[in-house]
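Since the structure comes first, as C-alpha cells, the remarks are kept for the end.
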Amino acid sequence: MKVPKINILDEKHRILHQKSEEVKFPLSDEDKKLITDMMDYLECSQIEEYSEKYNLRAGMGLAYVQLGKLKRIFVVVNAKDDGSFEKYVVINPKILSFSEEMIYVGEGEGCLSVNREVEGIVPRHARIKVKAYDMDGNEYTIRVREEVAIAFQHEIDHLDGILFVDRINKNNPFENIENMREI
Ligand code: NI
C-alpha cells in the first residue's frame, strides 16, 4: 500500500474549532477519493512497517475538518486481533442513544491534530447507537462499543468543533474517574 499524502491540520488552526456542515449527496469523485485516502492513511499509521518508515503517528479516526474541510464526514479504522482492519465511513451522523455507563482511555485520548502531551481523561459513553450515511448516500444504523464508541464520539466532537482537550477539566483533569471504567 502507498501512504496517501494528506495534510492534517494542527489544533492551532481556527477551522478545527468550527462546526462542520451537513453533506449533500451524491458525493463527488474527489470526496470519495479523499475518504478512501483517509482510511488508507489510518491503516498505514497502524502498521509498524509504515509508521516507522514514514514517521506516522498511529491514529484510529480522522474527520474532514482536520483536512480543512467543514463537512460532516469522518472515518474510523480499527485493527482487529487477527490483523485485519474494520473500516467505517460516517457521514452526517446522529447519535440515537447511548449507554449510561461511562468509560475512558486510561493512557489518555490522542488526536492527530493535537501534537502535545495532555494530562487528563475524557468521559465517553461505553456504547452508542448512531444513524449515518455511507459514501453512496445509503442510510444505516450502527451500534458501537468500547474503543470504537470512543473513536466515534471523539470524531463526532470534531464535526462540532470540539477537541478532546476541550472536554478535560483543566482544574481537575481526572474528575469523576471513580464513576467510570478504564479501557
Ligand atoms: Ni481527533
Side-chain angles (χ1 to χ4, degrees), residues 1 4 6-9 13 15-46 58-105 109-114 122-164 166-167 181 183:
M1 198 191 307
I6 54 172
N7 182 28
I8 301 172
L9 300 179
H13 285 265
I15 197 166
L16 278 162
H17 305 276
Q18 293 175 25
K19 210 171 144 89
S20 295
E21 299 194 346
E22 295 275 320
V23 174
K24 292 195 178 72
F25 292 97
L27 295 185
S28 64
D29 289 344
E30 200 184 321
D31 277 324
K32 287 182 179 174
K33 166 83 165 55
L34 185 54
I35 290 167
T36 308
D37 280 353
M38 288 163 74
M39 288 191 286
D40 288 350
Y41 181 91
L42 291 177
E43 182 175 339
C44 289
S45 81
Q46 294 180 41
M60 199 175 159
L62 202 51
Y64 244 50
V65 63
Q66 293 177 274
L67 310 182
K69 295 170 188 290
L70 287 170
K71 291 184 185 180
R72 301 185 78 80
I73 302 177
F74 70 80
V75 299
V76 167
V77 174
N78 181 38
K80 297 205 292 184
D81 293 336
D82 65 5
S84 67
F85 292 89
E86 284 173 333
K87 298 178 181 181
Y88 305 87
V89 175
V90 187
I91 304 175
N92 295 343
K94 297 270 182 301
I95 296 180
L96 299 178
S97 60
F98 47 79
S99 65
E100 276 187 36
E101 187 192 9
M102 303 299 284
I103 56 177
Y104 64 94
V105 182
E109 260 178 55
C111 178
L112 295 175
S113 294
V114 178
V122 185
R124 303 289 190 188
H125 301 287
R127 297 169 294 285
I128 57 170
K129 185 178 165 188
V130 175
K131 188 189 87 170
Y133 295 84
D134 67 16
M135 267 207 275
D136 298 313
N138 300 311
E139 188 183 306
Y140 66 92
T141 302
I142 188 171
R143 291 168 196 272
V144 287
R145 50 189 297 129
E146 302 297 306
E147 67 266 35
V148 179
I150 290 181
F152 269 56
Q153 289 165 85
H154 176 117
E155 300 307 326
I156 290 171
D157 273 353
H158 271 304
L159 306 186
D160 292 323
I162 299 165
L163 295 176
F164 82 92
D166 301 329
R167 291 207 178 272
R181 174 166 57 84
I183 71 158

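When reading the values below, keep in mind they use all heavy atoms of this one structure, side chains included, and skip hydrogens, waters and symmetry mates.
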Sidechain N-carboxylate O distance under 4.0 Å for Asp37, Lys33 =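 Salt bridge flag = yes for Lys33 with Asp37.
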key: Ion pair Glu22/Lys71, N-O distance below 4.0 Å   =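 Between Lys71 and Glu22 there is no salt bridge, as every charged N stays at least 4.0 Å from the carboxylate O atoms.
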message = Looking at every non-hydrogen atom in both residues, tell me the closest pair between Asp134 and Ile91 and how far apart they are.
response =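 It is O-CD1, 3.6 Å.
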ask   = Any idea which heavy atoms bring Ile15 and Gly68 closest together, and the distance?
value =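 Minimum heavy-atom separation between Ile15 and Gly68: CD1-O, 3.3 Å.
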Sequence-distant partners of [X], salt bridge (charged side-chain N to carboxylate O under 4.0 Å, His left out), two or more places apart:
X	result
Arg145	none
Glu30	none
Lys131	none

Identify, with sequence neighbours excluded, every residue that meets side-chain contact (heavy atoms from CB on, under 4.5 Å) alongside [X].
X	result
Lys24	none
Lys32	Leu27, Met135, Asp136
Glu86	Asn78, Lys80, Tyr88, Val148
Ser99	Glu101, His125, Ala126, Arg127

ask   = How long is the span from the CG atom in Leu34 to the CD1 atom in Ile6, to the nearest 0.5 Å?
value =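 The CD1 atom of Ile6 is 7.5 Å from CG of Leu34, to the nearest 0.5 Å.
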task = Could you name each residue pair satisfying salt bridge (charged side-chain N to carboxylate O under 4.0 Å, His left out) that touches residues 154-164, not counting sequence neighbours?
result =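 Pairs touching residues 154-164 that pass the test: Lys19-Asp160, Arg72-Asp160, Arg124-Asp157, Asp157-Arg167.
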N/O donor-acceptor pair under 3.5 Å between Gln46 side chain and Glu43 backbone =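 Judged by distance alone, no pair lies under 3.5 Å.
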message = So, using side chain to side chain donor-acceptor pair (under 3.5 Å) as the criterion, who are the partners of Tyr64 when residues are at least two apart?
response =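 Checked Tyr64 against side chain to side chain donor-acceptor pair (under 3.5 Å); matches are Asp31.
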ask   = Considering residues at least two apart in sequence or located in another chain, which fulfil the side chain to side chain donor-acceptor pair (under 3.5 Å) criterion with Lys69?
value =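 Testing Lys69 for side chain to side chain donor-acceptor pair (under 3.5 Å), a comparison that skips the adjacent residues, returns none.
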Candidates Val90, Val65, Leu62 - the one meeting side-chain contact (heavy atoms from CB on, under 4.5 Å) with Phe74 =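 Exactly one pass, corresponding to Val90.
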request  = Apply ring-ring contact (aromatic ring centres under 6.0 Å, His included) to Tyr133 and list each qualifying residue two or more places apart in sequence or on a separate chain.
outcome  =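 With neighbours one apart ignored, the set is Phe25.
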message = Checking Phe85 now: which residues fulfil ring-ring contact (aromatic ring centres under 6.0 Å, His included) with it, not counting sequence neighbours?
response =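 Scan of Phe85 (ring-ring contact (aromatic ring centres under 6.0 Å, His included), adjacent residues dropped) gives none.
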